[in-house]
Amino acid sequence: MLNIRQANLNDVPVLRTLIQEMADYERLPLLITEETLARDGFGSQPRFRALMADFDGEPAGYVFFFGSYSTFQGRGLFLEDLYVRPQFRKNKVCRALLSRVVAIAQQEDCFGIMFQVLDWNEMAIQFYKKMDATFLDDWKTVCLKGDALRIVASAARES
């Protein structure tokens, strides 16, 4: 039986494990610690929300999201991660997690949910196409981090 629920502080070790599994699948390094997840998700000023999916009492997946804002459209949600363990992917867990986030977006009067998908992840792309998601191919994701972040910050302090 599938159960979708709000993540809580006790879920942090399992959540970190699931995030590690997703990072491995996406071939990305993982730097987040359980301490950071606990502070940023379950402290006095939460920076994200997470839902957990349990299937027959086993952790099956999670969705990780937070509020965003569009100057053109107003409030929205940004879906950072949607991950389901391979052995549970035929049980509609992914659809259930996404549906719950959609319900939250509607309850909170959001214009929509923004998210990214890696261009090689054909299984995810096909899933989102079945949901009739709009792909914004003319937009590029940009990130300032590491040395670039430090260089821009120091230039700003000098001006």
Side-chain angles (χ1 to χ4, degrees), residues 1-137 139 141 143:
M1 165 122 15
L2 177 61
N3 180 40
I4 306 293
R5 60 181 177 76
Q6 186 79 31
N8 61 59
L9 186 59
N10 294 329
D11 291 314
V12 168
V14 172
L15 183 59
R16 170 64 173 67
T17 297
L18 293 169
I19 293 169
Q20 180 67 62
E21 290 175 17
M22 182 170 179
D24 292 345
Y25 175 76
E26 292 187 345
R27 297 176 228 130
L28 296 170
L30 181 66
L31 304 176
I32 196 111
T33 64
E34 287 183 20
E35 292 77 16
T36 301
L37 286 169
R39 179 196 67 214
D40 292 346
F42 307 98
S44 61
Q45 294 183 334
R47 304 285 188 216
F48 67 84
R49 293 184 266 178
L51 302 176
M52 303 294 291
D54 299 315
F55 195 88
D56 289 339
E58 294 292 319
Y62 74 99
V63 63
F64 193 102
F65 60 101
F66 48 88
S68 66
Y69 201 87
S70 166
T71 55
F72 303 116
Q73 301 175 86
R75 81 174 74 173
L77 292 178
F78 187 85
L79 194 153
E80 179 68 20
D81 291 349
L82 176 56
Y83 175 74
V84 175
R85 288 177 152 165
Q87 65 267 34
F88 298 104
R89 290 185 183 155
K90 298 290 184 192
N91 297 305
K92 300 187 181 196
V93 176
C94 195
R95 180 180 290 272
L97 284 165
L98 183 58
S99 293
R100 188 67 62 89
V101 176
V102 166
I104 291 168
Q106 289 177 324
Q107 290 168 356
E108 296 179 5
D109 198 28
C110 296
F111 73 86
I113 301 167
M114 301 292 289
F115 51 93
Q116 300 167 323
V117 61
L118 292 167
D119 63 356
W120 56 261
N121 192 341
E122 195 59 36
M123 184 170 50
I125 290 168
Q126 292 308 314
F127 173 77
Y128 295 129
K129 283 183 176 179
K130 286 180 187 174
M131 301 288 137
D132 207 22
T134 301
F135 285 76
L136 306 174
D137 293 331
W139 291 78
T141 301
C143 181

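A quick note: this is a predicted structure, and the numbers were derived from the prediction, not measured.
- Considering only residues two or more places apart in sequence or on other chains, Leu30 meets the side chain to side chain contact (heavy atoms under 4.5 Å, CB included) condition with Arg16, Ile19, Gln20, Ala23, Ile32.
- With sequence neighbours left out, the side chain to side chain contact (heavy atoms under 4.5 Å, CB included) criterion links Ala96 to Leu2, Ile4.
- Checked by atom type and distance alone, the side chain of Asn121 pairs as donor or acceptor with a backbone atom of Ala124 at under 3.5 Å.
- Taking every heavy atom of both residues into account, Pro46 and Gly41 meet most closely at CB-O, 3.6 Å.
- Distance CE/Met123 to SG/Cys94: 8.5 Å, rounded to 0.5 Å.
- For the pair Asn91 (side chain) and Val93 (backbone), a donor-acceptor distance under 3.5 Å is absent.
- Residue pairs meeting the side-chain hydrogen bond (donor to acceptor under 3.5 Å, both in side chains) criterion with at least one partner in residues 104-117, sequence neighbours excluded, are Arg49-Glu108, Gln116-Thr141.
- Applying the ring-ring contact (aromatic ring centres under 6.0 Å, His included) criterion to Phe115, with sequence neighbours excluded, gives Tyr128.
- Judged as a salt bridge (charged side-chain N to carboxylate O under 4.0 Å, His left out), the pairs with a partner in residues 85-107 (not counting sequence neighbours) are, in order, Glu21-Arg85.
- Results of the side-chain contact (heavy atoms from CB on, under 4.5 Å) test with Phe65 over Ile104, Leu82, Asp81, Leu97 single out Ile104 as the only residue that passes.
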**Request:** Evaluate side-chain contact (heavy atoms from CB on, under 4.5 Å) for Met1 paired with Asp56, printing each intermediate quantity in order.
**Result:** CA-CA 5 Å; Met1 165 122 15; Asp56 289 339; 4.1 Å; yes
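- For the atom pair OH of Tyr69 and CG of Leu77, the computed distance is 13.5 Å after rounding to the nearest 0.5 Å.
- With sequence neighbours left out, the side chain to side chain contact (heavy atoms under 4.5 Å, CB included) criterion links Leu28 to Glu26.
- Among residues two or more places apart in sequence or in another chain, the ring-ring contact (aromatic ring centres under 6.0 Å, His included) test is passed with Trp139 by none.
- With sequence neighbours left out, Tyr62 forms a ring-ring contact (aromatic ring centres under 6.0 Å, His included) with no residue at all.
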**Request:** Assess whether side-chain contact (heavy atoms from CB on, under 4.5 Å) is satisfied between Val63 and Tyr83, documenting all intermediate values.
**Result:** CA-CA 6 Å; Val63 63; Tyr83 175 74; over 6 Å; no
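- A distance of 10.5 Å separates CE of Met22 from CZ of Phe64, quoted to the nearest 0.5 Å.
- Of all non-hydrogen atoms in Leu98 and Phe127, the two that sit nearest each other are CD2-CE2, 3.9 Å.
- A donor-acceptor pair under 3.5 Å links the side-chain atoms of Asp11 to the main chain of Asn8, judged by distance alone.
- Within the model, atoms CD of Gln45 and CZ of Phe42 stand 15.5 Å from one another, a figure rounded to the nearest 0.5 Å.
- The structure places OG of Ser70 at 7.5 Å from CE of Met114, a figure rounded to the nearest 0.5 Å.
- Annotation: ring-ring contact (aromatic ring centres under 6.0 Å, His included) contacts of Phe78 (sequence neighbours excluded): Phe66.
- Glu80 is linked by a side-chain hydrogen bond (donor to acceptor under 3.5 Å, both in side chains) to nothing, counting only residues two or more places apart in sequence or in another chain.
- Note that OG1 of Thr36 is 10.0 Å distant from CG of Leu31, once rounded to the nearest 0.5 Å.
- Judged as a side-chain hydrogen bond (donor to acceptor under 3.5 Å, both in side chains), and not counting sequence neighbours, Glu58 has no contacts.
- Contact between Ala7 and Met52 at its shortest, heavy atoms only, is CB-CG, 3.7 Å.
- Among residues two or more places apart in sequence or in another chain, the side-chain hydrogen bond (donor to acceptor under 3.5 Å, both in side chains) test is passed with Thr17 by none.
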